[in-house]
Number of protein chains: 2
Amino acid sequence: MENSLGSFLSRIRNSKGWSLRHVESQTGISNSYLCQIENDQIREPSLQKLLKLSELYEISYPELLKQAGYPIREPNAHTDVASRSIPQLENLSSEEQEALVDYLTFLRSRGRRRR
Amino acid sequence: MENSLGSFLSRIRNSKGWSLRHVESQTGISNSYLCQIENDQIREPSLQKLLKLSELYEISYPELLKQAGYPIREPNAHTDVASRSIPQLENLSSEEQEALVDYLTFLRSRGRRRR
DNA sequence: GTCGAGTGCTTGACATCTTTAGCAATGCTT
DNA sequence: AAGCATTGCTAAAGATGTCAAGCACTCGAC
């Protein structure tokens with residue numbers, strides 16, 4: 001559940017502050033179906049759906065396929081760049097960057113671990 | 001008909017002199033289903049099936065996906081590289097990643113707007 | 001000839017994907 | 001508080017993938 005496709009997509013959508021119906025209006029994917037995907041009730045959504053989501057969410061399509069557990073054979077798809085990628089933290093506004101950096105500084109200053 | 005996925009797969013199988021049931025024994029794909037694929041009665045076989053066929057037939061998997069009309073796309077440069085250049089937000093621990101994503105979700109949920 | 005094995009193919013049943021209609025809960029506006 | 005919009009979510013139905021069983025045909029061995 002932690003690393004599932006559903007929670008992955010859910011985190012991204014929520015991090016962007018978008019509702020299920022907003023994503024539906026942009027992608028044509030019904031909000032109910034999107035909900036089922038995010039709750040891991042759909043094992044294998046079609047590639048067309050995943051492509052549309054990757055475009056709207058501005059995340060790497062092959063990376064999303066990987067998250068979905070689909071077999072992909074990209075000759076040189078390797079880890080060095082991808083491993084540092086945090087899709088949820090992409091495309092930040094300048095205000096958000098500042099807020100996050102401040103928050104990270106705060107986190108590290110108190111040296112606490114997560115709940 | 002001529003350039004369809006079905007005729008494409010059928011041509012390869014016949015050129016190798018293999019029966020439907022031989023391919024079934026090697027891939028686990030039922031001969032009846034394979035027959036339907038070759039006769040274009042199946043629009044979108046699963047990636048697992050296509051992968052097995054590409055392995056047995058010794059053809060390129062991405063090439064086969066292309067033949068099947070699946071969307072295949074290389075990673076987009078702007079989503080992969082540009083948005084990641086926030087030096088303070090690199091090399092995060094997993095706890096920090098999660099905390100930041102949660103915090104960002106919180107930030108954006110307060111300013112949620114729809115268009 | 002006929003018998004058995006092998007061939008491509010069809011049918012019916014089941015599983016999964018995908019949508020439409022609608023629900024309860026929350027929030028906003030007056 | 002009342003009323004309306006929006007949220008995530010579910011149930012039922014339709015469309016499609018997938019398989020097991022079985023069909024009709026061919027062909028070689030006896």
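Just so it is clear, the structure is predicted and the values come from calculations on it, not from any experiment. Sequence lines set the chain letters: A, B, ... in the order given, protein chains first and strands last, and positions in each chain run from 1.
With hydrogens and angles ignored, the 3.5 Å screen pairs no side-chain donor or acceptor of B:Tyr70 with any backbone N or O of B:Leu47. Between the B:Asp40 side chain and the B:Gly6 main chain, a donor and an acceptor come within less than 3.5 Å of each other.
No hydrogens or angles considered: a donor-acceptor pair under 3.5 Å links the side chains of A:Ser7 and A:Ser4.
As a whole-Å value, the separation of B:Leu20 CG from D:dC19 P is 13 Å. Distance, B:Asp40 CG to C:dC9 C1': 15 Å, rounded to whole Å. If you take CD1 of B:Ile42 and C1' of D:dT16, they are 8 Å apart, rounded to a whole angstrom. Going from atom CG of B:Leu34 over to atom P of C:dT7 covers 13 Å, rounded to whole Å. Rounded to whole Å, atom P of D:dT16 lies 19 Å from atom NZ of B:Lys49. Atom CG in B:Leu47 sits roughly 13 Å away from atom C1' in D:dG17 (whole-Å rounding). Distance CZ (A:Arg13) to C1' (D:dT6): 13 Å, rounded to an integer number of Å. We find that CG of B:Asn14 is positioned 7 Å from P of C:dG8, with the value rounded to whole Å.
Between B:Lys52 and B:Ile29, the shortest heavy-atom contact is CB-CD1, 4.5 Å. Heavy atoms only, all atoms of each residue included: B:Thr27 and B:Val23 are closest at OG1-O, 2.7 Å.
Applying the 4.0 Å criterion to OP1 and OP2 of D:dT7, one finds that A:Ser19 has a side-chain N or O inside that range. A:Lys52 has no side-chain polar atom (N or O) that falls below the 4.0 Å cut-off from OP1 or OP2 of C:dT18.
The salt bridge (Lys or Arg N to Asp or Glu O under 4.0 Å) check on A:Glu38 picks up A:Arg13, with sequence neighbours excluded.
Annotation: side chain of A:Trp18 is in contact with side chain of A:Leu56 (closest heavy-atom distance under 4.5 Å). A:Leu53 has its side chain out of reach of A:Ile59: every pair of non-hydrogen atoms, C-beta onward, lies at least 4.5 Å apart.
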Report, one pair per line, the protein and nucleotides 10-15 of chain D atoms (nitrogen or oxygen only) whose separation is under 3.5 Å.
{"unit_1": "D:dT10", "atom_1": "OP2", "unit_2": "A:Gln41", "atom_2": "NE2", "d": "3.4"}

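Nucleotides of DNA chain C nearest to B:Arg21 and B:Glu44 differ in position, and the one nearer the 5' end is that of B:Arg21.
Separating the CG atom in B:Leu65 from the CD atom in B:Gln67 is a distance of 10.5 Å, to the nearest 0.5 Å.
Note that the two end axes of the helix from C:dG1-D:dC30 to C:dT30-D:dA1 enclose an angle of 0°, each drawn from 5 base pairs, rounded to 10 degrees.
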